[in-house]
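See structure below.
Naming convention: chains lettered A, B, ... in sequence-line order (proteins, then strands); numbering from 1 in each chain. Side chains included, hydrogens not; waters and symmetry mates left out as well; all remaining heavy atoms used. Predicted model only: the values in this text are computed from it and were never measured.
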Number of protein chains: 2
Amino acid sequence: MLEKIHLSIVREVEKQGSLTAAADVLCLTQSALSHAMRKLEQKMGTDIWLREGRRLRLTQAGKYLLALAERLLPQMERAEERLKQYAKGERGTLCIGMECHPCYQWLLKVVSPYLARWPDVDVDVKQKFQFGGIGALFAYEIDLLVTPDPLYKPGLHFEPVFDYEQVLVTSREHPLAQAPYVEPEQLAEEVLITYPVEIERLDIYNRFLMPAGISPRRHKVIETTEIMLQMVASGRGVAALPRWLAEEYLGKMDVVPVRLGRCGIAKQIFLGARVADVDVDYLKAFVDQARQL
Amino acid sequence: MLEKIHLSIVREVEKQGSLTAAADVLCLTQSALSHAMRKLEQKMGTDIWLREGRRLRLTQAGKYLLALAERLLPQMERAEERLKQYAKGERGTLCIGMECHPCYQWLLKVVSPYLARWPDVDVDVKQKFQFGGIGALFAYEIDLLVTPDPLYKPGLHFEPVFDYEQVLVTSREHPLAQAPYVEPEQLAEEVLITYPVEIERLDIYNRFLMPAGISPRRHKVIETTEIMLQMVASGRGVAALPRWLAEEYLGKMDVVPVRLGRCGIAKQIFLGARVADVDVDYLKAFVDQARQL
DNA sequence: GAGATAAATGAAAAATATTCATTGAACATT
DNA sequence: AATGTTCAATGAATATTTTTCATTTATCTC
């Protein structure tokens with residue numbers, strides 16, 4: 001009835017803009033696609049496209065199929081990949097999603113010993129998700145989610161794997177550099193440099209500045225940790241980073257970590273997985289590896 | 001390459017126990033299934049089943065396919081249904097999931113005016129989900145989730161639609177029946193009757209008894225509201241229910257609502273949907289209808 | 001060991017998908 | 001306004017794939 005080819009055609013026509021172009025991509029003729037879809041339309045009794053002149057515009061049913069296609073086809077394609085991997089004796093690809101910027105550096109330190117120990121497992125890391133990390137887990141886009149925000153809901157399993165402290169990083173010459181810790185008020189006249197994420201997800205905002213009702217003088221956004229720290233070292237601003245990450249740059253750059261508040265900001269990294277997967281050996285091994293680090 | 005039929009075969013063989021039996025269900029011959037799967041195995045280069053005598057046992061690859069099949073086939077089947085609905089001029093089926101027991105009564109009051117106003121939309125209500133309500137939303141098992149626990153994550157949209165108070169319900173003769181409100185300690189010697197859900201999800205526990213460190217004398221579990229209230233009326237115990245629900249039974253049964261704590265327990269019902277769907281007219285209309293109630 | 005049952009297999013038949021060749025409509029260009 | 005181009009639809013022919021049929025082989029049961 002409704003077959004994979006129909007979904008492929010709907011998706012490709014939408015992408016390429018015409019049946020003819022889609023046919024080229026799919027290595028078929030325009031006629032083949034036309035016949036295939038005509039037949040589906042007859043079987044279902046509803047049109048997929050409105051034929052407006054020589055343009056195809058999706059009907060409501062067509063839009064529904066398109067959404068279905070974009071959801072299901074990637075999963076089927078991933079399945080084919082995986083079957084071929086099994087054939088080659090490989091165990092599969094562990095697909096890891098990331099929701100926090102600095103986690104990336106930490107993840108790298110887990111991945112390399114893991115790859116050595118599991119030579120027949122590939123690792124792939126994704127950072128962008130249409131529906132967030134949780135959605136990507138549920139949609140089988142990823143197998144493991146690295147995140148600071150666990151979510152204890154049926155179907156998912158989250159486990160803390162790493163504790164760290166979030167600290168302020170300043171240049172060595174900065175007046176705050178020598179302080180045992182900083183108070184929110186002391187940042188009111190500073191330039192704050194962060195990764196480009198929503199303010200609500202920045203701990204320095206929602207756990208430090210906002211409770212005190214303070215805003216920094218300015219807020220700059222930088223993608224990469226190196227550049228961010230170079231900006232800090234040159235006195236252009238201050239940043240908030242995990243202590244372990246800051247310490248890795250301590251020798252190389254003129255930066256100093258300073259505690260945020262009297263007690264510091266404690267953070268955790270969690271690994272999330274679907275409950276159906278938590279017993280998969282190579283996945284479990286990754287979580288173990290992460291916890292031991 | 002990997003087609004729907006392969007997934008159907010894997011699923012049906014697992015369900016029926018043999019190729020032959022699966023062939024009957026699928027209206028094909030055993031030979032057809034055998035050829036189809038052989039071909040897939042050759043293309044992919046990996047076996048789906050281990051042939052142990054005349055038994056088929058799934059390989060790792062096969063198990064993976066089975067999981068895929070149980071995830072994707074229902075979605076394709078639902079899609080076919082929906083296309084046929086579009087054909088008949090119907091708009092589709094609004095599939096509603098429920099995570100809270102008493103919400104059902106409330107939902108009924110929303111559904112009937114909605115059905116009247118949207119004659120070409122069907123409504124279906126589901127109450128059991130393998131991966132919880134959130135998972136069901138992400139997996140397109142349901143379109144709308146009725147829940148007291150919203151979840152503000154990318155990809156999902158939650159909206160409060162109904163405020164109510166959770167109250168204690170006792171028999172008219174009960175000593176607490178005349179009190180303006182009850183304190184947790186006063187329930188220490190009572191029999192508490194609740195719906196059969198995990199204790200952590202019962203508000204009377206986590207917002208009333210647990211903070212005070214109190215447990216009831218006994219805890220009984222009952223499925224249906226009517227029976228629960230009959231038990232209460234006959235003095236066998238007390239229950240916690242929404243005030244509006246309790247009030248509906250006030251005339252019919254000898255029960256009395258009593259406030260929980262000096263300030264009462266305030267609750268909200270939320271409707272959750274996928275962000276991709278929030279602009280669908282008949283879904284939006286349902287949310288509006290719910291809010292107006 | 002006989003009978004029954006299940007899967008595999010090769011060849012034949014049936015069904016389906018695809019192409020080819022063509023048409024007619026819509027659009028772009030002059 | 002005429003012309004050439006592009007695109008989707010269509011019917012018939014062809015190619016491919018799926019399915020069946022008939023049979024074999026292996027295993028399980030009694």
What does B/Arg51 touch in the nucleic acid at a heavy-atom separation under 4.0 angstrom: a base, only the sugar-phosphate, or nothing? sugar-phosphate

- Would you mind classifying the nucleic acid contact of A/Ser34 as base, sugar-phosphate or nothing, using non-hydrogen atoms under 4.0 angstrom? base

Without decimals, in angstroms, what is the distance between [X] [atom1] and [N] [atom2]?
X: A/Ile48; N: D/dA9; atom1: CD1; atom2: C1'; result: 16 Å
X: B/Arg38; N: C/dA8; atom1: CZ; atom2: P; result: 5 Å
X: B/Leu19; N: D/dT25; atom1: CG; atom2: C1'; result: 15 Å
X: A/Ile9; N: D/dA8; atom1: CD1; atom2: P; result: 12 Å
X: B/Arg57; N: C/dA7; atom1: CZ; atom2: C1'; result: 17 Å
X: A/Leu40; N: D/dA9; atom1: CG; atom2: C1'; result: 16 Å
X: B/Leu56; N: C/dA7; atom1: CG; atom2: P; result: 5 Å
X: A/Leu58; N: D/dA8; atom1: CG; atom2: C1'; result: 15 Å

Given the options B/Arg11, B/Arg71, B/Lys84, B/Glu77 meets salt bridge (charged side-chain N to carboxylate O under 4.0 Å, His left out) only with B/Arg11

Tabulated below should be each protein N or O lying under 3.5 Å from an N or O of nucleotides 13-19 of chain D; please produce it.
from: D/dT18; atom 1: OP2; to: B/Lys39; atom 2: NZ; distance (Å): 2.4

Looking at A/Arg55, does any N or O in its side chain come under 4.0 Å of the phosphate oxygens OP1/OP2 on D/dC7?
no

Is it the case that the side chains of A/Thr225 and A/Tyr195 hold a donor-acceptor pair, with the cut-off being a distance below 3.5 Å and no angle test?
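Indeed, the side chains of A/Tyr195 and A/Thr225 share at least one donor-acceptor pair under 3.5 Å.
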
Contacts of A/Lys4 meeting salt bridge (Lys or Arg N to Asp or Glu O under 4.0 Å) (sequence neighbours excluded), chain-then-number -> A/Glu80

In chain order, what residues pass the salt bridge (Lys or Arg N to Asp or Glu O under 4.0 Å) check against B/Glu41, with sequence neighbours excluded?
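Only B/Arg38, B/Arg51 meet the salt bridge (Lys or Arg N to Asp or Glu O under 4.0 Å) criterion with B/Glu41.
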
Heavy-atom nearest nucleotide on DNA chain C taken for A/Glu52 and for B/Val13; more 5' hit belongs to B/Val13

Exercise for the section: Taking only Lys NZ, Arg NE, NH1 and NH2, and the carboxylate oxygens of Asp or Glu, determine whether A/Lys43 and A/Glu3 approach each other closer than 4.0 Å. Expected result: no

>> Tell me whether the NZ or CZ atom of A/Arg78 lies within the 45° cone about the ring axis of A/Tyr140 and under 6.0 Å from its centre.
In response: no

Margin query: With a 4.5 Å cut-off on side-chain heavy atoms, are A/Met44 and A/His6 touching?
Written below: no

